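Reading through the structure tokens given below for one structure.
Since we're looking at a predicted model, the values are computed, not measured.
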Amino acid sequence: MKHLSDGDRRYAIDLLAAAEIELSDKALSTMLRHVDWLLETTRTLNLTAIREPRTAVRVHLVDSLMALPEVRAAGPGLLLDIGTGGGFPGVELAMAAERQALLVESVRKKAEALNAFLLHETLASWISVTASRAEEVARSLGQSAAVVTARALAPLPSLVELAAPLLVEGGRLVSLKGRASEAELTAGVEAARVCGLELVGVRSFVLPGGTDQRSVIVFQRVREPEIELPRRAGAAQKRPIA
């Protein structure tokens, strides 16, 4: 690897142990190569503002895996990661939870770069990438995901609207965020009601290795939405329901 050292691997192991996350040596090695690829690719394609290897390990690899309990608790089926960027959290969660995954990234250059990484790591047979918006995937695949993940992508009202038409009945949106405000959570719950989802869990914690506050917020699809979804591309962000 060009950017990560044996010491960085030990650092990752220590952080994962603090979070009580167990991975096989093979899975951890692949994930560390994912971080290394991210740092290398960012030299020519803007995937992350982070350049320091251990910081990248912490705020990308470890942070992604903090939602593993919620992903494992969802029903069996496809994991769909919207706004995946460089593949976080989708690649890590798909590997750790052993789920087939579809990674959704609207910027074609990013999607193509990530697909090349997956092919190189022989992951592409069960983790795939589409250069599309979430609304386009909803129109083509419909309700196909057991779990939708999103990390630091958009406010909760936008996320629940984007996720709703992608989820099977009983499927779950697992949102990885910093500490969500009461106002955002309240708006998210109201948007979820309109979109046929309900809040089923909020877990707050400190990311191992520092003082960063994080939350994993989970909504479940429980009924049909009150409005027709998906709306046109960008409407969820520009004119949120709540």
Side-chain angles (χ1 to χ4, degrees), residues 1-72 78-131 147 149-153 174 176 207-210 212 214:
M1 290 188 288
K2 295 183 178 180
H3 300 274
L4 271 62
S5 66
D6 289 343
D8 298 326
R9 181 187 181 91
R10 183 71 253 174
Y11 178 70
I13 291 171
D14 290 344
L15 293 185
L16 292 170
E20 299 182 342
I21 296 171
E22 294 184 6
L23 299 174
S24 68
D25 288 343
K26 180 179 179 181
L28 177 58
S29 294
T30 303
M31 292 179 193
L32 289 171
R33 288 195 297 272
H34 186 197
V35 174
D36 198 79
W37 166 86
L38 180 77
L39 293 170
E40 178 63 20
T41 304
T42 292
R43 297 172 65 179
T44 56
L45 181 63
N46 185 25
L47 293 174
T48 179
I50 294 168
R51 300 295 189 271
E52 200 280 317
R54 291 198 178 189
T55 303
V57 166
R58 179 171 176 267
V59 304
H60 288 305
L61 191 161
V62 178
D63 186 55
S64 294
L65 289 170
M66 296 304 292
L68 184 57
E70 285 77 9
V71 170
R72 283 178 169 164
L78 178 70
L79 183 154
L80 203 157
D81 186 36
I82 58 177
T84 197
F88 298 91
V91 172
E92 277 59 36
L93 290 173
M95 291 183 63
E98 299 182 339
R99 284 183 185 262
Q100 182 180 359
L102 175 62
L103 313 177
V104 181
E105 173 50 54
S106 62
V107 179
R108 182 167 296 277
K109 286 186 178 181
K110 294 181 180 181
E112 291 174 347
L114 180 56
N115 186 58
F117 169 79
L118 295 172
L119 287 168
H120 182 267
E121 294 292 333
T122 65
L123 297 172
S125 62
W126 56 286
I127 303 177
S128 56
V129 188
T130 179
V147 56
T149 56
R151 188 175 77 122
L153 177 63
V174 177
L176 296 79
L207 185 63
D212 311 61
R214 294 287 194 272

For the residue pair [X] and [Y], what are the closest heavy atoms and their distance?
{"X": "Leu93", "Y": "Ser64", "answer": "CD2-O, 3.4 Å"}
{"X": "Ala94", "Y": "Leu79", "answer": "N-CD1, 4.3 Å"}
{"X": "Ile21", "Y": "Leu65", "answer": "CD1-O, 3.4 Å"}
{"X": "Ala96", "Y": "Arg72", "answer": "O-NH2, 3.2 Å"}
{"X": "Gly85", "Y": "Leu114", "answer": "O-CD2, 4.0 Å"}
{"X": "Val57", "Y": "Ala12", "answer": "CG1-CB, 3.6 Å"}

Can you name the side-chain contact (heavy atoms from CB on, under 4.5 Å) partners of [X], sequence neighbours left out?
{"X": "Ala124", "value": "Leu118, Leu119"}
{"X": "Ala116", "value": "none"}
{"X": "Thr44", "value": "none"}
{"X": "Ser5", "value": "Asp8"}

Side chain to side chain contact (heavy atoms under 4.5 Å, CB included) assessment of Val59 paired with Thr48
CA-CA 11 Å; Val59 304; Thr48 179; over 6 Å; no
[atom1] of [X] to [atom2] of [Y]: how many Å apart, nearest 0.5 Å?
{"X": "Leu153", "Y": "Leu176", "atom1": "CG", "atom2": "CG", "answer": "11.0 Å"}
{"X": "Leu23", "Y": "Leu32", "atom1": "CG", "atom2": "CG", "answer": "9.5 Å"}
{"X": "Ile127", "Y": "Met95", "atom1": "CD1", "atom2": "CE", "answer": "6.5 Å"}
{"X": "Arg9", "Y": "Ser29", "atom1": "CZ", "atom2": "OG", "answer": "3.5 Å"}
{"X": "Leu103", "Y": "Asp81", "atom1": "CG", "atom2": "CG", "answer": "6.0 Å"}
{"X": "Asp25", "Y": "Leu28", "atom1": "CG", "atom2": "CG", "answer": "7.0 Å"}

Does anything in residues 97-121 pair up under salt bridge (charged side-chain N to carboxylate O under 4.0 Å, His left out), and if so which pairs, sequence neighbours excluded?
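The answer is Arg33-Glu121.
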Can Met1 and Val35 be said to form a side chain to side chain contact (heavy atoms under 4.5 Å, CB included), step by step?
CA-CA 10 Å; Met1 290 188 288; Val35 174; over 6 Å; no
Selection residues 38-58 - residue pairs positive for ring-ring contact (aromatic ring centres under 6.0 Å, His included), sequence neighbours left out
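The answer is none; no pair qualifies.
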Applying ring-ring contact (aromatic ring centres under 6.0 Å, His included) as the test, list every pair that has at least one member in residues 86-116; sequence neighbours left out.
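Sorted result for residues 86-116: His34-Phe88, His60-Phe88.
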Qualifying residues under salt bridge (charged side-chain N to carboxylate O under 4.0 Å, His left out), relative to [X], sequence neighbours excluded:
{"X": "Arg10", "answer": "Asp14"}
{"X": "Arg51", "answer": "none"}
{"X": "Glu40", "answer": "Lys2, Arg43"}
{"X": "Arg58", "answer": "Asp212"}

Side chains of Leu207 and Met66 in contact at under 4.5 Å (non-hydrogen atoms):
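Side-chain contact under 4.5 Å: yes.
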Taking only residues two or more places apart in sequence, or in another chain, which ones meet Thr41 in a side-chain hydrogen bond (donor to acceptor under 3.5 Å, both in side chains)?
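Thr41: side-chain hydrogen bond (donor to acceptor under 3.5 Å, both in side chains) contacts with Trp37.
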Is Asp36 reaching over with its side chain to a backbone N or O of Leu4, donor-acceptor style, under 3.5 angstrom?
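At least one qualifying donor-acceptor pair exists.
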